[in-house]
Amino acid sequence: HLAGALRVNASLTSLSLWGNEIGPRGAEHLAGALRVNASVTSITVSSFPLPVQQLKGGVEVLNFSNEQLTKLDAIIIGSLLEGNASLTSLNLRWNKIGPGGAEHLAGALRVNASLRVINALHN
């Protein structure tokens, strides 16, 4: 499976899965692999390339406003935020995350102690 290959691959830097129907379960598997992969810097599951390394840490503010993010993006974002100790502000307004995506983000908030502001209006 792709997620298994990502766990051990050390050369892939960008992955675009836009237009593929990976589904929520597939996004969860990919998110788990991305947590341990050190080489992938961006992944696209809808129409916007998510900055994997920034979601893992190193920046204080991320703005994903009006990027057409979906539940699948939220699954990956939530998973990577679990280990992020530097991000304090995340702007997700005007996307298509929906209730299912919001649940995954809420799960990340249970373990992320650095995030102070999330703007998720109009999702």
Report task. Working to the nearest 0.5 Å, report the span between CG of Asn123 and NZ of Lys96. Result -> 10.5 Å

Query raised in the report: Is Trp18 reachable from Leu69 through a run of hydrophobic residues whose side-chain heavy atoms are each under 4.5 Å from the next?
Result: no

Requested in this report: Would you check if Glu28 and Ile75 make a side-chain contact, meaning some heavy-atom pair closer than 4.5 Å?
Outcome: yes

Query - Minimum side-chain heavy-atom gap Leu50-Ile77 below 4.5 Å - result: yes

Query raised in the report: What do the steps show when you test Asn91 against Ser89 for side-chain hydrogen bond (donor to acceptor under 3.5 Å, both in side chains), and what is the final call?
Result: CA-CA 7 Å; Asn91 186 347; Ser89 178; over 6 Å; no

Requested in this report: Would you confirm whether Thr44, through its side chain, and Ser16, through its main-chain N or O, come within 3.5 Å as a donor-acceptor pair?
Outcome: no

Report task. Look up atom CG in Asn119 and atom OG in Ser65, then write down how far apart they are to the nearest 0.5 Å. Result -> 7.5 Å

Requested in this report: Please name the pair of heavy atoms, one in Ser39 and one in Ser11, separated by the smallest distance, quoted to 0.1 Å.
Outcome: OG-N, 3.8 Å

Query raised in the report: In Å and rounded to the nearest 0.5 Å, what is the NZ to OG distance from Lys56 to Ser86?
Result: 12.5 Å

Report summary line: Here the pair of heavy atoms bringing Glu67 nearest to Ser47 is O-OG, 3.6 Å

Report summary line: For His29 and Ala3, the nearest pair of non-hydrogen atoms, with its separation, is O-CB, 3.5 Å

Query - Gap separating the CD1 atom of Ile43 from the CZ atom of Phe48, nearest 0.5 angstrom - result: 13.0 Å

Query raised in the report: Quick one: OG on Ser46 to CD1 on Ile76, what's the gap to the nearest 0.5 Å?
Result: 9.0 Å

Requested in this report: Indicate the atoms forming the closest heavy-atom contact of Gln53 with Val40, along with that distance.
Outcome: NE2-O, 2.7 Å

Query raised in the report: Between Thr70 and Asp73, which heavy-atom pair has the shortest distance, and what is it?
Result: N-OD2, 2.8 Å

Query raised in the report: More than 12 foreign heavy atoms under 6.0 Å from CD of Glu60: is that the case here?
Result: no

**Report entry** Beyond-backbone contact of Asn37 with Arg7, side-chain heavy atoms, under 4.5 angstrom
**Finding:** no

Query raised in the report: Stepwise, does the side-chain contact (heavy atoms from CB on, under 4.5 Å) test hold for Leu30 with Ile22?
Result: CA-CA 9 Å; Leu30 287 171; Ile22 62 170; 3.7 Å; yes

Requested in this report: Taking the side chain as every heavy atom from C-beta outward, state whether Leu90 and Leu81 have any pair of such atoms under 4.5 Å apart.
Outcome: yes

Query - Co-membership, hydrophobic cluster, residues Leu92 and Leu109, 4.5 Å side-chain - result: yes

Query raised in the report: If Ile, Leu, Val, Met, Phe, Trp and Tyr residues are connected whenever their side-chain heavy atoms lie under 4.5 Å apart, and connections chain through other members, are Leu12 and Leu2 in the same group?
Result: yes

Report task. Could you give me the CA-CA distance, side-chain angles and deciding distance for Thr13 and Thr41, then say whether side-chain hydrogen bond (donor to acceptor under 3.5 Å, both in side chains) is met? Result -> CA-CA 5 Å; Thr13 58; Thr41 58; 4.9 Å; no

**Report entry** Straight-line distance of Glu21 CD to Leu72 CG, nearest 0.5 Å
**Finding:** 10.0 Å

Query raised in the report: Do Ser42 and Ser14 have side-chain heavy atoms sitting under 4.5 Å apart?
Result: yes

Query raised in the report: Less than 4.5 Å apart, any side-chain heavy atom of Asn66 and any of Asn95?
Result: no

Query raised in the report: Mind checking whether Leu121 and Trp94 have side chains closer than 4.5 Å, heavy atoms only?
Result: no

